[in-house]
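Here the structure comes first, spelled out in structure tokens, and everything after it is commentary.
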Amino acid sequence: MNYVLLGLSWAVFYSLHSFLAATKLKRILQGKLGNAYKWYRLVYTLISIFLILGITIQALVIPKTVLLSKNVFTDYLGYMLAGFGTIIATKSGKNYSLKRFLGLAPSEIHEETLITTGLYSKIRHPLYAGLILIFLGYFLFAGTLSSAIHLGCLLLYLPVGIYFEEKNLIAQFGEAYQKYKSAVPPIIPRFG
């Protein structure tokens with residue numbers, strides 16, 4: 001039952017993430033909140049942090065059920081993948097203001113540009129690619145059922161998350177994003 005609740009907690013987190021990031025909701029709230037809308041991103045961030053902390057605490061108190069026996073190879077591979085994922089996730093955000101992303105520097109609506117250089121020239125969603133590697137690395141290192149649930153829920157959510165995120169990006173950037181989408185793969189780069 002603990003593992004079902006953990007999966008449901010991730011479902012709530014990912015559902016709220018998509019709902020709160022929806023362009024339509026943002027437009028409605030902007031109209032209703034007026035000048036106070038500039039704090040929406042901070043409230044969104046605080047809700048996300050609260051939910052992630054709850055999931056983390058929940059995962060820590062669940063009795064450990066080992067699925068994958070630990071050895072030097074799984075430890076090394078887990079660290080390597082998680083480290084590489086962290087680098088990708090960090091580099092994916094280098095073109096963005098961390099204060100603005102977290103909502104600590106509220107600003108009025110401004111014109112954003114479509115980023116298609118660096119990691120974004122190889123894959124459209126490098127943050128998601130980094131998260132997959134981090135969660136996979138954690139599973140290989142920990143080898144527990146809860147770490148498998150973390151990874152499984154992420155993998156189940158990503159097609160949905162990408163769909164809604166790209167719907168917002170198409171609404172924001174139009175034909176430029178459509179062209180970019182047809183040229184660049186979502187998560188796994190093309191080789192050759």
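Computed over heavy atoms, backbone and side chain alike; hydrogens, waters and symmetry mates excluded.
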Note to self: Less than 6.0 angstrom separating the ring centers of F141 and Y138, yes or no?
What the structure shows: no

Checklist line | Side chain Y120, main chain S92, donor-acceptor under 3.5 Å | finding: yes

Item checked: Same cluster (ILVMFWY, side-chain, under 4.5 Å), I57 and F50 -> no

Notebook entry, point to check: Say you draw a straight line from CG of L136 to CG of L154; how long is it, rounded to the nearest 0.5 Å?
Noted result: 10.5 Å

Margin query: Distance alone, cut at 3.5 Å: any donor-acceptor contact between the side chains of T65 and Y3?
Written below: yes

Margin query: Tell me if the centroids of the rings in Y79 and Y76 come within less than 6.0 Å of each other.
Written below: no

Next item on the list: Could you pull out the closest heavy-atom pair between I123 and Y180, with the gap in Å?
Entry: O-OH, 3.6 Å

Margin query: How about CG on L53, more than 12 heavy atoms from neighbouring residues, nucleotides or ligands closer than 6.0 Å, or not?
Written below: yes

Next item on the list: Determine yes or no for a side-chain-to-main-chain donor-acceptor pair under 3.5 angstrom, with S18 supplying the side chain and S15 the backbone.
Entry: no

Next item on the list: Compare all side-chain heavy atoms of L81 with those of L77 and state whether any distance is below 4.5 angstrom.
Entry: yes

Note to self: If only side-chain N and O atoms count, and only distance matters, is there a donor-acceptor pair under 3.5 Å linking Y44 with H17?
What the structure shows: yes

Next item on the list: Quick one: closest heavy-atom pair of P189 and I187, and the distance?
Entry: CD-O, 3.6 Å

Notebook entry, point to check: In Å and rounded to the nearest 0.5 Å, what is the NE2 to OG1 distance from H150 to T144?
Noted result: 6.5 Å

Item checked: Transitive ILVMFWY side-chain link I115 to F173, under 4.5 Å -> yes

Checklist line | No-hydrogen, no-angle side-chain donor-acceptor test under 3.5 Å, S48 and T45 | finding: no

Item checked: Where L67 and A148 come nearest, the two heavy atoms and their spacing -> CD1-CB, 3.8 Å

Notebook entry, point to check: Is I55 linked to F19 within one hydrophobic cluster, defined over Ile, Leu, Val, Met, Phe, Trp and Tyr using a side-chain heavy-atom separation of less than 4.5 Å?
Noted result: yes

Notebook entry, point to check: When rounded to the nearest 0.5 angstrom, what is the spacing between CD1 in I88 and CG in L119?
Noted result: 6.5 Å

Margin query: Has R124 got a side-chain atom pairing as donor or acceptor with K181's backbone, closer than 3.5 angstrom?
Written below: yes

Checklist line | From R41 atom CZ to L46 atom CG, the distance as rounded to the nearest 0.5 Å | finding: 11.0 Å

Margin query: Has Y128 got a side-chain atom pairing as donor or acceptor with A89's backbone, closer than 3.5 angstrom?
Written below: no

Notebook entry, point to check: Under a 4.5 Å cut-off applied to non-hydrogen side-chain atoms, are P63 and N2 in contact?
Noted result: yes

Margin query: Do L156 and I52 sit in one hydrophobic cluster, given that two such residues count as connected whenever their side-chain heavy atoms are within less than 4.5 Å of each other, even indirectly?
Written below: no

Note to self: Tell me if the NZ atom of K26 is crowded by more than 12 foreign heavy atoms within 6.0 Å.
What the structure shows: yes

Next item on the list: Please check if the side chain of T74 supplies one atom and the backbone of K70 the other of a donor-acceptor pair under 3.5 Å.
Entry: no

Note to self: Between Y40 and L25, is there a side-chain heavy-atom distance shorter than 4.5 Å?
What the structure shows: yes

Note to self: Once you measure the plane-to-plane angle for F13 and W10, does it fall in the parallel (<30°), tilted (30-60°) or perpendicular (>60°) bin?
What the structure shows: perpendicular

Notebook entry, point to check: More than 12 foreign heavy atoms under 6.0 Å from NZ of K64: is that the case here?
Noted result: yes

Note to self: Do Q178 and I170 have side chains that approach each other closer than 4.5 Å (heavy atoms only, starting at C-beta)?
What the structure shows: yes

Check: Would you call S121 and V184 a side-chain contact if the rule is heavy atoms closer than 4.5 Å?
Finding: no

Next item on the list: Verify whether one side chain among Y177 and E166 offers a donor that lies under 3.5 Å from an acceptor in the other.
Entry: yes

Check: With side chains defined as the heavy atoms from C-beta onward, is the minimum distance between L6 and V4 less than 4.5 Å?
Finding: no

Next item on the list: Starting at CG of L151, measure out to CD1 of I134 and round the result to the nearest 0.5 Å.
Entry: 12.0 Å

Next item on the list: Could you tell me whether K122 atom NZ has more than 12 heavy atoms of other residues or ligands within 6.0 Å of it?
Entry: no

